[in-house]
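Worksheet: one structure, shown below.
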Amino acid sequence: MIVTTSDLFKQAYGSFAVGAYNINNMEQALGLFEGHMRAQAPFIIQISRGARKYAGVKMLESIIRAAEEMYPEAIFAVHLDHGDEQTCYDCIDSGFYSSVMIDASHAPFEENVAITRRVVERAHARGLSVEAELGMLGGVEEDIQVDEKHAMLTDPDEARAFVEQSGCDSLAVAIGTSHGAYKFAGSQGLHFDRIAAIQSNLPGFPLVMHGSSSVPADEVKRINEAGGALDPSAKGVDDNEFVKAIPLGVTKVNIDTDGRLVWTRVHREYFRDHPDVFDFRKPGKEYIEAYADFIEAKARKLLSHGRLEQVRQALAGEGD
Ligand code: G3H
Ligand code: 13P
Ligand code: ZN
């Protein structure tokens with residue numbers, strides 16, 4: 001059942017985080033639904049502009065509708081990931097999405113506010129909620145001076161002003177993470193002090209953590225042993241730290257890279273070990289299983305494991 005993102009956030013805030021996973025194809029969708037059913041967890045499906053181009057808007061919607069029928073117990077929201085203004089409008093008008101992300105974080109503050117405000121007006125008129133971004137994710141390198149490093153993080157005072165002026169419903173904040181497989185060097189990690197400062201300026205307001213893949217060292221090692229050439233120093237977010245971020249208002253956790261690593265590991269190992277096989281359904285099946293296992297394990301770390309019934313009852317109660 002597709003629900004609104006704000007309904008999920010109301011249930012989750014302060015007690016668990018909703019995992020938000022990108023999908024591009026059928027195998028990812030099957031693993032995602034299967035894993036969340038095993039975990040009995042609600043979730044968010046994210047669609048990026050790249051995914052819309054790759055699979056086609058209609059194909060992605062059809063895959064999700066088909067999965068919804070195959071897994072009638074599932075409770076999830078459908079979200080546009082890193083949208084520009086026009087793609088937000090396309091998704092709002094399509095009637096299929098629960099929420100959109102307008103990513104104007106590259107623009108100066110006032111322009112980010114103005115763009116976000118326009119998207120919020122169109123989205124709210126159609127019952128969708130809007131995630132916006134403030135601060136600069138990515139490119140946090142160890143050799144950057146501390147001051148510069150902190151300058152990239154979301155400023156708590158700006159965050160409060162941004163939310164007031166833009167009317168957005170949730171905020172993606174820069175708290176030390178970045179997209180992709182190479183997030184941290186040495187002892188770098190999440191800036192909990194910064195998350196706490198943002199929360200104290202925005203109590204009860206859902207914060208979103210992008211770039212939350214863990215990039216397990218063992219996964220990288222296995223990929224490289226099977227012919228890959230990833231930098232072995234690749235490092236992600238320690239998923240034992242989600243539990244500390246949740247009471248600080250982190251309500252949505254975005255994970256994409258880890259799923260790509262599972263796909264790459266399964267397929268590289270499969271074709272290395274079965275050089276005579278060209279039936280792609282065989283590694284495809286293994287990937288769906290492995291991804292479902294990954295999703296179930298992640299739900300434990302996000303504390304969303306076992307929350308499905310609670311969310312179902314709350315949604316039913318609101319309908320009374
Ligand atoms: O944050 C970006 C997500 O990992 C989606 O990546 O734009 O390559 O689909 P993509
Ligand atoms: P990762 O690259 O860490 O998986 O982040 C994904 C993301 O933030 C999607 O919006
Ligand atoms: Zn992101």
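Just follow the structure's listing: the first ligand is 1, and inside any ligand the first atom is 1.
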Inset, instruction - Can you establish whether the number of heavy atoms outside Met59 located under 6.0 Å from its atom CE is more than 12? - result: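 Atom CE in Met59 is not packed in, count stays at 12 or less.
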Legend entry - Residues, nucleotides or ligands: over 12 heavy atoms within 6.0 Å of Phe192 CZ: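 Counting other residues, nucleotides and ligands, CZ of Phe192 exceeds 12 neighbours.
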For [X], the ligand 2 atoms whose distance to one of its heavy atoms is below 4.0 Å:
| X | result |
| --- | --- |
| Gln46 | 9 (C), 10 (O) |
| Ile255 | 4 (O) |
| His82 | 10 (O) |
| His210 | 8 (O), 10 (O) |
| His179 | 2 (O), 5 (O), 6 (C), 7 (C), 8 (O), 10 (O) |

Given 3.5 Å as the limit, does a donor-acceptor pair link the side chain of [X] with the main chain of [Y], or not?
| X | Y | value |
| --- | --- | --- |
| Ser213 | Thr257 | yes |
| Asp169 | Val130 | yes |
| Ser212 | Ile255 | no |
| Ser214 | Asp238 | no |

Legend entry - Contact (N/O only, under 3.5 Å) between Asn22 and ligand 2: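 No, there is no polar N/O contact under 3.5 Å.
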Legend entry - Nitrogen or oxygen of Gly180 less than 3.5 angstrom from that of ligand 2: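 Checking ligand 2 against Gly180, an N or O pair does fall under 3.5 Å apart.
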Polar contact flag, side-chain donor to acceptor under 3.5 angstrom, [X]-[Y]:
| X | Y | answer |
| --- | --- | --- |
| Ser304 | Lys298 | no |
| Asp90 | Ser94 | no |
| Ser166 | Thr116 | no |

Inset, instruction - For residues Tyr287 and Tyr291, establish whether the separation of their ring centroids is below 6.0 Å. - result: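 Here the rings of Tyr291 and Tyr287 have centres that are less than 6.0 Å from each other.
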Legend entry - Numbered atoms and elements of ligand 1 in range of Asp256, under 4.0 angstrom, heavy atoms: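 In order of number, 3 (C), 4 (O), 5 (C), 6 (O).
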Inset, instruction - Identify, by atom number and element, the atoms of ligand 1 in contact range of Asp81, meaning under 4.0 Å from any of its heavy atoms. - result: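 Per the distance check, 1 (O), 2 (C), 3 (C).
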Inset, instruction - Output the atom name for the N/O/S atom of His82 with the smallest distance to the Zn ion (ligand 3). - result: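 Nearest N/O/S atom: NE2.
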Inset, instruction - Please calculate the ND1(His210)-the Zn ion (ligand 3)-NE2(His179) angle and round it to 10 degrees. - result: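 Computed angle, vertex at the Zn ion (ligand 3), rounded to 10 degrees: 120°.
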Legend entry - Test: Lys221 and Glu225 ion pair at under 4.0 Å: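 Yes, Lys221 and Glu225 are salt-bridged.
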If you have a sec, work out which protein heavy atom is nearest [atom] and how many Å separate them, to one decimal?
| atom | result |
| --- | --- |
| atom 6 (O) of ligand 1 | Arg260 NH2, 3.1 Å |
| atom 9 (C) of ligand 2 | Asp81 OD2, 3.2 Å |
| atom 2 (O) of ligand 2 | Thr257 OG1, 2.6 Å |
| atom 9 (O) of ligand 1 | Ser48 OG, 2.6 Å |

Inset, instruction - For ligand 2, note which part of Ala181 has a heavy atom under 4.0 Å away: side chain, backbone, both or neither. - result: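 Neither part.
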Legend entry - Contact partition for Asp256 relative to ligand 2, non-hydrogen atoms under 4.0 Å: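 Both parts.
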Inset, instruction - Check if Arg52 has a non-hydrogen atom at a distance under 4.0 Å from any atom of ligand 1. - result: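 Heavy atoms of Arg52 never come under 4.0 Å of ligand 1.
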Legend entry - Side-chain heavy-atom pair Asp81, Glu131 within 4.5 angstrom cut-off: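 Not in contact.
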Inset, instruction - Work out whether the distance between some heavy atom of Lys183 and some atom of ligand 2 is less than 4.0 Å. - result: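 Yes.
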Inset, instruction - Please verify whether a non-hydrogen atom of Met101 lies at under 4.0 Å from ligand 2. - result: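 Per 4.0 Å heavy-atom rule, Met101 does not contact ligand 2.
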Inset, instruction - Decide whether an N or O pair under 3.5 Å exists between Asn22 and ligand 1. - result: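 For ligand 1, there is no N or O atom that lies under 3.5 Å from one belonging to Asn22.
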Inset, instruction - May I ask which of Met101, His179, Gln46 has a heavy atom nearer to atom 1 (O) of ligand 1 than the others do? - result: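 The nearest heavy atom belongs to His179.
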Legend entry - Closest candidate by heavy atom, reference atom 5 (O) of ligand 2, pool Gly211, Ser213, Ala172, Gly259: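 Among Gly211, Ser213, Ala172, Gly259, the closest heavy atom to atom 5 (O) of ligand 2 comes from Gly211.
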Inset, instruction - For the pair His36 and Phe43, name the ring-plane relationship: parallel under 30°, tilted 30 to 60°, perpendicular over 60°. - result: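 Answer is parallel, since the angle falls under 30°.
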Legend entry - Side chain, backbone, both or neither: His82 near ligand 1, heavy atoms under 4.0 Å: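 Side chain only.
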Inset, instruction - Looking only at non-hydrogen atoms, find the nearest pair between Ala292 and Arg38 and report the distance. - result: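 So the two residues come closest at CB-NH1, 3.7 Å.
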